[in-house]
Student: 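Submitted below is the structure of interest, expressed as structure tokens.
Predicted model, so just to flag it, every value in this text is computed and none were measured. We count ligands from 1, going down the list as the structure has it; atoms in each ligand are counted the same way.
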Amino acid sequence: TVEPLYIITPTYRRPEQIPELTRMSHTLMLVKNVHWLVIEDATVATKQVTRLLERTGLKFDHLTAPMPEKYKQKKGAKPRGVSNRNRGLQWIRANATNGVFYFADDDNTYDIALFDEIRKTKTISMFPVGLCTKFGLSSPVIKNGKFVGFYDGWIAGRKFPVDMAGFAVSVRFLLQRPNATMPFKAGYEEDGFLKSLAPFEPKEIEFLADNCTKVLAWHTQTKKNEPSAPLDMKLYGETNLV
Ligand code: UDP
Ligand code: MN
């Protein structure tokens, strides 16, 4: 039997939530021994999301972790999904002993082959993410089997200029680092979290997806649909036209 794969997915209530989670759940239904941690940026879990999760037959936990008010009030870029992911880490510390975890946003696109790659992770692994930043790709660069640097359209002084969908971590590795956490710092969430797992250097990372030559995850973004009706009157995973 294969070790568990913990998929930590931040999500929040909006018209696209059910379609995004439907698509993502149908990907995960094709993967063995997945435990899906779906964490809503909300104080109350959305019942349509619970029903969707129940229908998948997947192992799951449906948790809530609202963004703290002080970040919600902030103008400009907000640390989206950070309280959710930290809640996921807390769940893993309390409940998991082995396997691998991966931060998978609800709106990305995942090839099922990605999950077989991620399972190989002994410490920290990295791999390319397509449709990411202005370069259209974020990836470690491997030359003759050796790490030479990161390719990313937004380096911004980061030690690990990678996308959230571009790395996975072994549960045992996390459990050995009780202080590892994701900072509430927009743009620096990945870098801050990876630095909090230190000490380790880029050259110690396990490079997957045929030495980072295959794109198996894409940072797709869904166009906002904002009908003018109040939220409760919108179609939300089930029609309310009776
Ligand atoms: N998210 C959230 N609360 C928010 C905005 C986003 O929990 O207020 C979640 C969202 O569902 C996604 C992740 O955080 O899983 C990243 O957000 P988004 O996809 O909007 O960020 P982008 O891809 O544009 O960087
Ligand atoms: Mn996104």
Side-chain angles (χ1 to χ4, degrees), residues 6-28 34 36-46 48-50 52-53 60-91 101-111 114 128-138 152-156 158 160-168 181-194 215-226 231 234 236-237:
Y6 296 98
I7 306 297
I8 299 176
T9 299
T11 186
Y12 69 113
R13 191 177 165 92
R14 63 204 190 283
E16 300 80 15
Q17 183 178 38
I18 295 296
E20 302 285 29
L21 291 172
T22 297
R23 188 162 53 130
M24 191 172 174
S25 71
H26 290 190
T27 302
L28 295 181
V34 164
W36 199 11
L37 301 174
V38 176
I39 305 148
E40 283 196 75
D41 178 354
T43 47
V44 181
T46 302
Q48 289 91 337
V49 173
T50 311
L52 185 159
L53 291 171
F60 73 87
D61 275 79
H62 185 189
L63 308 169
T64 56
M67 184 187 294
E69 237 2 90
K70 62 175 168 182
Y71 302 113
K72 245 193 257 180
Q73 303 300 335
K74 251 186 32 195
K75 297 188 284 290
K78 293 178 181 54
R80 286 178 295 215
V82 172
S83 57
N84 326 38
R85 295 188 198 96
N86 281 326
R87 180 69 188 88
L89 293 174
Q90 184 191 353
W91 187 98
F101 73 88
Y102 176 57
F103 294 123
D105 288 353
D106 60 358
D107 56 337
N108 291 338
T109 304
Y110 307 94
D111 186 314
L114 174 73
V129 180
L131 297 177
C132 202
T133 77
K134 61 179 187 225
F135 289 0
L137 175 70
S138 172
D152 189 287
W154 192 71
I155 300 290
R158 295 182 294 169
F160 301 103
V162 299
D163 186 69
M164 199 62 75
F167 65 92
T181 183
M182 188 169 288
F184 285 89
K185 201 175 164 198
Y188 293 85
E189 294 94 337
E190 298 90 345
D191 192 45
F193 175 66
L194 290 166
V215 177
L216 300 173
W218 292 266
H219 192 130
T220 43
Q221 290 178 301
T222 302
K223 183 175 77 68
K224 280 264 170 241
N225 292 273
E226 285 299 347
L231 185 62
K234 292 174 194 168
Y236 201 84

Student: Quick test of your reading of the model: are D105 and R85 salt-bridged, counting only N-O distances below 4.0 Å?
Tutor: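 Answer for the salt bridge query: yes.
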
Student: Taking the six-membered ring where the residue is Trp, are the ring centres of Y188 and W154 under 6.0 Å apart?
Tutor: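 So the answer is yes for these two rings.
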
Student: Going by side chain to side chain contact (heavy atoms under 4.5 Å, CB included), name the residues that satisfy it together with A45, two or more places apart in sequence or in a different chain.
Tutor: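 For A45, the residues satisfying side chain to side chain contact (heavy atoms under 4.5 Å, CB included) (neighbours in sequence not counted) are E40, H62, T64.
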
Student: When you measure from atom 15 (O) of ligand 1 to every protein heavy atom, which one gives the shortest distance, and what is it?
Tutor: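 Sorting protein heavy atoms by distance from atom 15 (O) of ligand 1 puts P10 O, 2.7 Å first.
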
Student: Could you find the nearest protein heavy atom to atom 16 (C) of ligand 1 and give me its residue, atom name and distance?
Tutor: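 The protein heavy atom lying closest is D105 OD2, 3.3 Å.
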
Student: Considering only non-hydrogen protein atoms, determine which one is nearest to atom 19 (O) of ligand 1 and report residue, atom name and distance to 0.1 Å.
Tutor: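 Scanning the protein heavy atoms, the shortest distance from atom 19 (O) of ligand 1 goes to D107 OD2, 2.9 Å.
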
Student: Ring centroids only, cut at 6.0 angstrom: are F103 and F193 within range, meaning strictly under it?
Tutor: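 When the ring centroids of F103 and F193 are compared, they turn out to be within the sub-6.0 Å range.
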
Student: Short of 2.8 Å from the Mn ion (ligand 2), name each protein N/O/S atom, waters not counted.
Tutor: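 Atoms qualifying: D107 OD1, D107 OD2.
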
Student: For ligand 1, which atoms, with element, lie under 4.0 Å from some heavy atom of N84?
Tutor: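 Reading through ligand 1 atom by atom, the close ones are 7 (O).
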
Student: So, the side chain of K74 versus the backbone of K70: is there a donor-acceptor pair under 3.5 Å, distance only?
Tutor: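 Such a contact is absent between K74 side chain and K70 backbone.
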
Student: As an exercise, identify every atom of ligand 1 less than 4.0 angstrom from a heavy atom of D106.
Tutor: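 Counting from 1, the qualifying ligand atoms are 10 (C), 11 (O), 12 (C), 15 (O).
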
Student: Would you call K134-D152 a salt bridge at under 4.0 Å N-O?
Tutor: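 No, this pair does not count.
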
Student: Between ligand 1 and M67, is the shortest N or O to N or O distance under 3.5 Å?
Tutor: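 M67 vs ligand 1: no N/O contact under 3.5 Å.
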
Student: Residues two or more places apart in sequence or in another chain: which of them pass side chain to side chain contact (heavy atoms under 4.5 Å, CB included) with T181?
Tutor: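 For T181 the side chain to side chain contact (heavy atoms under 4.5 Å, CB included) partners, ignoring immediate neighbours, are N86.
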
Student: Using non-hydrogen atoms of the residue, decide whether H219 is closer than 4.0 angstrom to ligand 1.
Tutor: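 H219: in contact with ligand 1 (<4.0 Å).
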
Student: Looking at ligand 1, does any of its N/O atoms fall within less than 3.5 Å of an N/O of D41?
Tutor: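 The answer is yes, given that D41 and ligand 1 share an N or O pair closer than 3.5 Å.
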
Student: Do E20 and T222 come close enough that some side-chain heavy atom pair is under 4.5 Å?
Tutor: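 Heavy-atom side-chain distance check passes, below 4.5 Å.
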
Student: For atom 24 (O) of ligand 1, what is the closest protein heavy atom, and at what distance to 0.1 Å?
Tutor: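 Checked against all protein heavy atoms, atom 24 (O) of ligand 1 sits closest to Q221 NE2, 2.8 Å.
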
Student: Which protein non-hydrogen atom lies closest to atom 1 (N) of ligand 1, naming both residue and atom, and how far is it?
Tutor: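 Ranking protein heavy atoms by distance from atom 1 (N) of ligand 1, first comes Y12 CD2, 3.3 Å.
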
Student: So, T109 versus T220: side-chain donor-acceptor pair below 3.5 Å or not?
Tutor: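 The answer is yes; a qualifying pair exists.
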
Student: Return the set of residues passing side chain to side chain contact (heavy atoms under 4.5 Å, CB included) with D111 (not counting sequence neighbours), or none when no residue passes.
Tutor: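 Result, side chain to side chain contact (heavy atoms under 4.5 Å, CB included) vs D111: A113, L216, W218.
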
Student: Could you tell me the residue and atom name of the protein heavy atom closest to atom 25 (O) of ligand 1, and the distance to it rounded to 0.1 Å?
Tutor: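 Scanning the protein heavy atoms, the shortest distance from atom 25 (O) of ligand 1 goes to R80 NH2, 3.5 Å.
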
Student: Mark yes or no for whether E189, through its side chain, and G187, through its backbone, hold a donor-acceptor pair below 3.5 Å.
Tutor: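 Checking the backbone N and O of G187 against the side chain of E189, a donor-acceptor pair under 3.5 Å is found.
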
